[in-house]
S.K.: 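Before I ask anything, here is the structure I am working with.
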Amino acid sequence: MKSKVTLVKEFKIGEVDNNLFSSFIEHLGRAVYTGIYEPGHETADEQGFRKDVIDFVKDLKVGLVRYPGGNFLSGYNWKDGIGPKDKRPVRLDRAWHTIEPNEIGIDEFVDWAKKSGTEVLAAVNMGTGTPQDAGDMVEYCNYPSGTYWSDLRIANGHKDPHNIKYWCVGNEMDGPWQICHLDAVDYGKKALEAIKIMKWTDESIKTVVCGSASSGMPTYPEWDRIVLEHTYDHADYISIHRYFENFGNDDDFLASFYDMEQFIKTSIATCDYVKAYKRSNKTMMLSFDEWNIWYQQNQKPHPWEKAPRILEDNYSLLDALAFGGMAITLLNHADRVKVACLAQLVNVIAPIFTEPGKGAFRQTIYWPFRDISLYGRGIALQPVVHSESKITDKYGEVPAVIFAGVYDEESKQVTVFALNTNKNSDCETTVDLSSFGETRMNFRTELCGSDLSAVNSLANPDNVAPRNADLVDGEKGIYTLKLKAASWNVIRFSAS
């Protein structure tokens, strides 16, 4: 099998936003309690945050962390999570059938985010919550002092405002599973009024309205159109969510990138239709603020309890490869996808996994996310690709090898990300960088292996991890190398 990718410095998709490498922490399962927060743990700091988890998050260089939900959001009162912990109410979380002690709220989460080198993408409740509640939360977090809510923040130990810039206006309000689900018209009206109050409180913030919870929703993309027709002039982003899982056909699963790309293209087209309909000069950007692999078929009922072990998928090498295809797709739409949140960050369908009272380890999907976060910043280039195709049952004919390219003008580094989805055949690949003048390959790793079901664990944390691959000399900017069967590859070049 053969393929070729050509990158030309002038063929630009757009600048990659640092928020493309964001993630998500919800009050769900063990994401918060025994995830980021475990007082008494040997690594816990003075606030009870696990420093081993903080170190992993720092290593990933996460842009934003969406908080506090998720489905949890639509029944959550943010005021339950502020003030003295011993006076905070214990609530039933009806979204996930758990007990919520409210030991962590917005103040503590902002502290955790600062320690982890990231920022907060806050979310306001559009289910049981009101536009006034949303405005009050912005005031509490962002107004300096001299009002009821800002002075209450100061009294609660945070003199300086949190200055949270990015705000989600609800979560998946198109979903009948959502507490106080609304139709598109009612949500569009409510979201508009919430944004008005929020931005009248702090005009510097950026807001994300709810788009479709999945491309499979019967209301997609009509929901998005209606919501945007109400909010286009006031919102800054519209969200889209998509999860994938392997239903037994590996080729279909490895081609998940194709489904994700069609979702993005349709969402962009919907945004641009509303732009034309409203005669607007503004281009609406996408916030892909939930994406990952999630084995939803594995969910089981559980009793009411605090921080149950739910949604704790253990990811395989095969999962990491499919994940890499999605990561490439995001980079190849960096002109319109400006925020993307890997859902989630710790324990719950997550790259980082902890055990209470014990250690933490990196799941297989940690590695492709880390690769794009470390090496995918700069200008996304439009790859010109010649690749053999493969036939899938679900999507028909799709490319067997896919690529993304990023050029960092400051460091003069060109990075090529490549996924070979063929499980049985290596691919002789040509990388043409002749437009960059003199170049030299200086870094190359591959994530692959003979056992696609291999996983990482606390006992064997590096069972699946990238390995250094041989560097290849080029001639006049053209390089020929082998991409192993079923492999995720990162290849970096210095350019003159």
S.K.: Has Glu410 got more than 12 heavy atoms of other residues, nucleotides or ligands less than 6.0 Å from its CD?
M.R.: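 It does not: Glu410 CD has 12 such atoms or fewer within range.
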
S.K.: Considering only residues two or more places apart or on different chains, which pairs with a residue in residues 124-134 satisfy salt bridge (Lys or Arg N to Asp or Glu O under 4.0 Å)?
M.R.: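 Qualifying pairs, neighbours excluded: Lys79-Asp133.
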
S.K.: Among all residues two or more places apart in sequence or in another chain, which pass the ring-ring contact (aromatic ring centres under 6.0 Å, His included) test with Trp223?
M.R.: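 Counting only residues at least two positions away or on another chain, Trp223 forms a ring-ring contact (aromatic ring centres under 6.0 Å, His included) with Tyr187.
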
S.K.: By the salt bridge (Lys or Arg N to Asp or Glu O under 4.0 Å) test, which pairs, at least two apart or in different chains, include something from residues 8-21?
M.R.: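 For residues 8-21: none.
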
S.K.: Excluding sequence neighbours, so at least two apart, what forms ring-ring contact (aromatic ring centres under 6.0 Å, His included) with His230?
M.R.: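 Partners of His230 by the ring-ring contact (aromatic ring centres under 6.0 Å, His included) criterion come out as none, since no residue qualifies.
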
S.K.: Once rounded to the nearest 0.5 Å, what's the spacing between atom CZ of Phe323 and atom OG1 of Thr364?
M.R.: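 Between atom CZ of Phe323 and atom OG1 of Thr364 there are 9.0 Å.
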
S.K.: Could I get the full list of side chain to side chain contact (heavy atoms under 4.5 Å, CB included) partners for Ala404, not counting sequence neighbours?
M.R.: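 Side chain to side chain contact (heavy atoms under 4.5 Å, CB included) list for Ala404, sorted by chain: Ile328, Leu331, Asn332, Phe417.
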
S.K.: Side-chain atoms of residues 58-67: list all donor-acceptor pairs with protein atoms under 3.5 Å, sequence neighbours left out, distances to 0.1 Å.
M.R.:
unit_1: Asp59; atom_1: OD1; unit_2: Arg370; atom_2: NE; d: 3.2
unit_1: Asp59; atom_1: OD1; unit_2: Arg370; atom_2: NH2; d: 3.2
unit_1: Asp59; atom_1: OD2; unit_2: Tyr366; atom_2: OH; d: 2.6
unit_1: Asp59; atom_1: OD2; unit_2: Arg370; atom_2: NE; d: 2.8
unit_1: Arg66; atom_1: NH1; unit_2: Glu290; atom_2: OE2; d: 2.9
unit_1: Arg66; atom_1: NH2; unit_2: Asn171; atom_2: OD1; d: 2.7
unit_1: Tyr67; atom_1: OH; unit_2: His27; atom_2: NE2; d: 2.7

S.K.: Run the side chain to side chain contact (heavy atoms under 4.5 Å, CB included) test against Asp186 and tell me which residues pass, sequence neighbours left out.
M.R.: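 With sequence neighbours excluded, Asp186 shows a side chain to side chain contact (heavy atoms under 4.5 Å, CB included) to Leu182, Asp183, given in chain and number order.
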
S.K.: Please list all pairs passing the side chain to side chain donor-acceptor pair (under 3.5 Å) test where one or both residues lie in residues 430-443, with sequence neighbours left out.
M.R.: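 Side chain to side chain donor-acceptor pair (under 3.5 Å) check on residues 430-443 returns Gln413-Asn442, Asp432-Ser434, Thr439-Tyr479.
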
S.K.: Tell me, please, which residues at least two apart from Phe247 pass side chain to side chain contact (heavy atoms under 4.5 Å, CB included).
M.R.: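 Checked Phe247 against side chain to side chain contact (heavy atoms under 4.5 Å, CB included); matches are Glu245, Gln297.
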
S.K.: Would you please name every residue forming a side chain to side chain contact (heavy atoms under 4.5 Å, CB included) with Tyr277, sequence neighbours left out?
M.R.: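 Partners of Tyr277 by the side chain to side chain contact (heavy atoms under 4.5 Å, CB included) criterion, ordered by chain and then number, come out as Glu229, Tyr273.
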
S.K.: Test: salt bridge (Lys or Arg N to Asp or Glu O under 4.0 Å). Region: residues 257-279. Which pairs qualify, not counting sequence neighbours?
M.R.: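 Sorted pair list: Arg242-Asp259, Asp272-Arg336.
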
S.K.: If you look only at pairs with a residue in residues 385-409, which of them pass as a salt bridge (Lys or Arg N to Asp or Glu O under 4.0 Å), with sequence neighbours excluded?
M.R.: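 As it turns out, the salt bridge (Lys or Arg N to Asp or Glu O under 4.0 Å) pairs with a partner in residues 385-409, which skip direct neighbours, are Asp251-Lys390.
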
